[in-house]
Amino acid sequence: MREIAKEPSFIESIRKQLIGLGEDSSKKTYYGELREKIQYLERFRALLDSSTDMIFLINFSNKRLIDANLSVIKNLGFSLKELEKMSILEFININESEYLEIFDYVVSKDFTKSIVTELICKDGRKIPVEITITSKRFSSQWYYIIIARDISERIAKEAEIRGKELHYAKILENISDAIMELSDDFRVLSVTPSVNKILGYHDYEIIGHYFYEFVEDQDLESVVSSFSNIVKNVHIDFRIKNKKNSPIVVGASISKIVGEKTAYVLSLRDISKISKINKDLEEKERRFRVLFNSISEAVLLFPIPKRGQFEKLVEVNDITCTFLNRNKEEILNLTIEDIITPGKEKEALIEKLTSGEYVNGVQAELISKGSQNICVEMDIKKCHIGDQDMVLLIVRNVTEKKLLENKLNYLAFHDHLTGLSNRTLFSDRVHYEISRAKRNGTYLGVMFLDLDRFKDVNDSEGHQIGDNLLQIVSAKLQERIRETDILARMGGDEFAVLVPDLKDKSEIRPLAERILQLFEEPFTVNGHSFKLGISIGISTYPYDAKSYEELLTNADTAMYKAKNSGGNRFLFHCENNL
């Protein structure tokens, strides 16, 4: 989330004027104008924050940053408060002489200056940029406005083009280039015969003409700039008119010869076909990329593991970045093992990948950086790209499905009011503990509990108070039992406790006494106190019963005996009272 920037003084002054006027002011016309200005500035600020260019507003007096748009914060990694404390030299890579030339003088009128330099990021990275620095006066104060455009892509493209030229030079090494010699005022002095093959002109049709006459209008500015800024030699691609007045794309190597008179040597090569091929390839790649990133499922591609070793991912689509909460560059430095949550599901997936078992519907959990992990279902496929066998994973987010399944499973086995185990889950646990007790030669107990005088509270205070009271009692009961015991709500104000791993039935007595002690004090709900009691019936395995049904029935019978004998006590099965 973007840190809120301090409002520039010229916006703040207008806003203060607007607040000061008030709706009942006699200057309502001026009020409306100021409101429109505020709305305009707010819209203008929104446009600034949507710009991919990095925009800085600098205080003229102390040369410190006043404000910056979102693109600055995103690209440099500094917060606005950090930038406000920094010198310009700390985030713009210019030397002190350039700094003094631009910023250290008395401003008397608007000026604009452009330079190519670098911005310095918080993590030490440097972003190549083209910067335009403008001085402007607002509300009697001078400011510098710096607009920086990231030219990394342009530089990379230029490097790519230079690499392609070397490649194309080998392909076209047997084709003669058209060589031109130009005077210092760019008139054509001489040409090689191959100019006829490329441009269709004879030498006498070109010599004596200005070279710029043959350059396409839309490329003229860049060609002029290249000649003006050349030191020794430079390469540029542009469109030139042939004799049929049809533009062709040429790759030109320009060399500057300094002697008694400056001269230039151009080597022109027709790269129209190559340029078209590049454009076609770029268009096909663009269409593929759009389709690839439009897939609603995550797609991950990596080499088939050899001897159990996984290589880095080689391609992912945009939804993968969303799933993992990482950028693409970061993901492509990871292996599939790095993004799967450890556990049995990961072990099963790795086993399938290393053994070449390509199946569908494999369950796993992806590690999402800085957020909750994602439950996924993936199909494993094999494909062949270039000269390498690859694994293609198609991954679907099933987190919501899993959460719903877990919720339904929870609701099926838990009481919705108290969150305790319900009758179904309690039955399953008792059956399991009976089987375990048989194997281990141990004993277990089942306690059936019923609240005394709860019906009076429910009838007099209403069901809402009654429900709140049940929740409080449930929580208190849960605190009194052991960690290995199971407390369940059987319905209404009835509860049951499973007490496993007993050596003798008498070991259950201290737990029953602790529960009775709990009811010596009243329970408080919404500021009202309620004095309850509890009647407890106890049945043990294998003394009183050998099945779940018998255990529960005997405990229930003992509970009713305890209740009928005055309540707030516990009885073992077949005993009158204790």
Using atom types as modelled and distance alone, determine if a side-chain donor or acceptor of [X] lies under 3.5 Å from a backbone N or O of [Y].
{"X": "R149", "Y": "M54", "result": "no"}
{"X": "T335", "Y": "F310", "result": "no"}
{"X": "N373", "Y": "E365", "result": "no"}
{"X": "E213", "Y": "Y210", "result": "yes"}
{"X": "T117", "Y": "N93", "result": "yes"}
{"X": "S225", "Y": "E221", "result": "no"}

Minimum side-chain heavy-atom gap [X]-[Y] below 4.5 Å:
{"X": "I236", "Y": "I254", "answer": "yes"}
{"X": "L182", "Y": "L189", "answer": "no"}
{"X": "I133", "Y": "I145", "answer": "no"}
{"X": "V314", "Y": "P303", "answer": "yes"}
{"X": "V391", "Y": "L301", "answer": "no"}
{"X": "Y143", "Y": "I66", "answer": "yes"}
{"X": "F238", "Y": "V249", "answer": "no"}
{"X": "E216", "Y": "K241", "answer": "yes"}

With under 30° as parallel and over 60° as perpendicular, where do the rings of Y144 and F60 fit, or are they tilted in between?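 Ring orientation, 0 to 90° scale: tilted.
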
Using 30° and 60° as the class boundaries, would you call the ring planes of F186 and Y212 parallel, tilted or perpendicular? tilted

Ignoring hydrogens, what is the shortest heavy-atom contact between [X] and [Y]? Give both atom names and the distance.
{"X": "S51", "Y": "N69", "result": "O-ND2, 3.9 Å"}
{"X": "I319", "Y": "E297", "result": "CG2-O, 3.0 Å"}
{"X": "S222", "Y": "D219", "result": "OG-O, 2.9 Å"}
{"X": "L393", "Y": "M378", "result": "CD1-SD, 4.0 Å"}
{"X": "A298", "Y": "T320", "result": "CB-OG1, 3.4 Å"}
{"X": "P247", "Y": "R239", "result": "CB-CB, 4.4 Å"}

Not counting sequence neighbours, which residues clear salt bridge (Lys or Arg N to Asp or Glu O under 4.0 Å) with D338? List them please. none

For T52, side chain to side chain contact (heavy atoms under 4.5 Å, CB included) partners two or more places apart: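 With neighbours one apart ignored, the set is empty.
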
If you measure from the Lys or Arg side-chain nitrogens to the Asp or Glu carboxylate oxygens, is any gap between D318 and K328 under 4.0 Å?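 No, no charged N to carboxylate O under 4.0 Å.
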
Taking NZ, NE, NH1 and NH2 as the nitrogens, is one of them in E347 or K344 under 4.0 Å from a carboxylate oxygen of the other? no

Stepwise, does the side-chain contact (heavy atoms from CB on, under 4.5 Å) test hold for V72 with L83? CA-CA 10 Å; V72 171; L83 287 169; 3.7 Å; yes

Around Q218, counting heavy atoms of other residues, nucleotides and ligands shown, do more than 12 lie under 6.0 Å from its CD?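 Enclosed.
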
Apply side-chain contact (heavy atoms from CB on, under 4.5 Å) to residues K369 and L324 and explain how you reach the verdict. CA-CA 6 Å; K369 183 179 178 182; L324 302 182; over 6 Å; no

Separation between [atom1] of [X] and [atom2] of [Y], rounded to the nearest 0.5 Å:
{"X": "T354", "Y": "Q309", "atom1": "OG1", "atom2": "CD", "answer": "11.0 Å"}
{"X": "F56", "Y": "L65", "atom1": "CZ", "atom2": "CG", "answer": "7.0 Å"}
{"X": "I331", "Y": "K312", "atom1": "CD1", "atom2": "NZ", "answer": "13.5 Å"}
{"X": "S152", "Y": "E118", "atom1": "OG", "atom2": "CD", "answer": "9.5 Å"}
{"X": "L332", "Y": "R326", "atom1": "CG", "atom2": "CZ", "answer": "12.0 Å"}
{"X": "L89", "Y": "K63", "atom1": "CG", "atom2": "NZ", "answer": "11.5 Å"}

If you take the centroid of each ring, where Trp contributes its six-membered ring, are F214 and Y201 closer together than 6.0 Å? yes

Any chance you could lay out the salt bridge (Lys or Arg N to Asp or Glu O under 4.0 Å) test for K122 and E82, step after step, and finish with the verdict? CA-CA 10 Å; K122 188 174 183 178; E82 290 174 326; 2.9 Å; yes

As a quick check of understanding, evaluate side-chain contact (heavy atoms from CB on, under 4.5 Å) for V250 and D237, giving each step before the final call. CA-CA 6 Å; V250 294; D237 295 343; over 6 Å; no

Assess the side chains of Q363 and E345: does a donor N or O sit below 3.5 Å from an acceptor N or O? no

Please walk me through it: do V359 and V362 pass side-chain contact (heavy atoms from CB on, under 4.5 Å)? CA-CA 7 Å; V359 296; V362 179; 3.5 Å; yes

Side-chain donor-acceptor distances from residues 124-132 under 3.5 Å, at least two apart:
{"residue": "R125", "atom": "NE", "partner": "D123", "partner atom": "OD1", "Å": "3.3"}
{"residue": "R125", "atom": "NE", "partner": "D123", "partner atom": "OD2", "Å": "2.9"}
{"residue": "T132", "atom": "OG1", "partner": "S114", "partner atom": "OG", "Å": "3.4"}

With L366, the side-chain contact (heavy atoms from CB on, under 4.5 Å) member among N325, L300, V395, T341: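 Looking at N325, L300, V395, T341, the match for L366 under the side-chain contact (heavy atoms from CB on, under 4.5 Å) is V395.
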
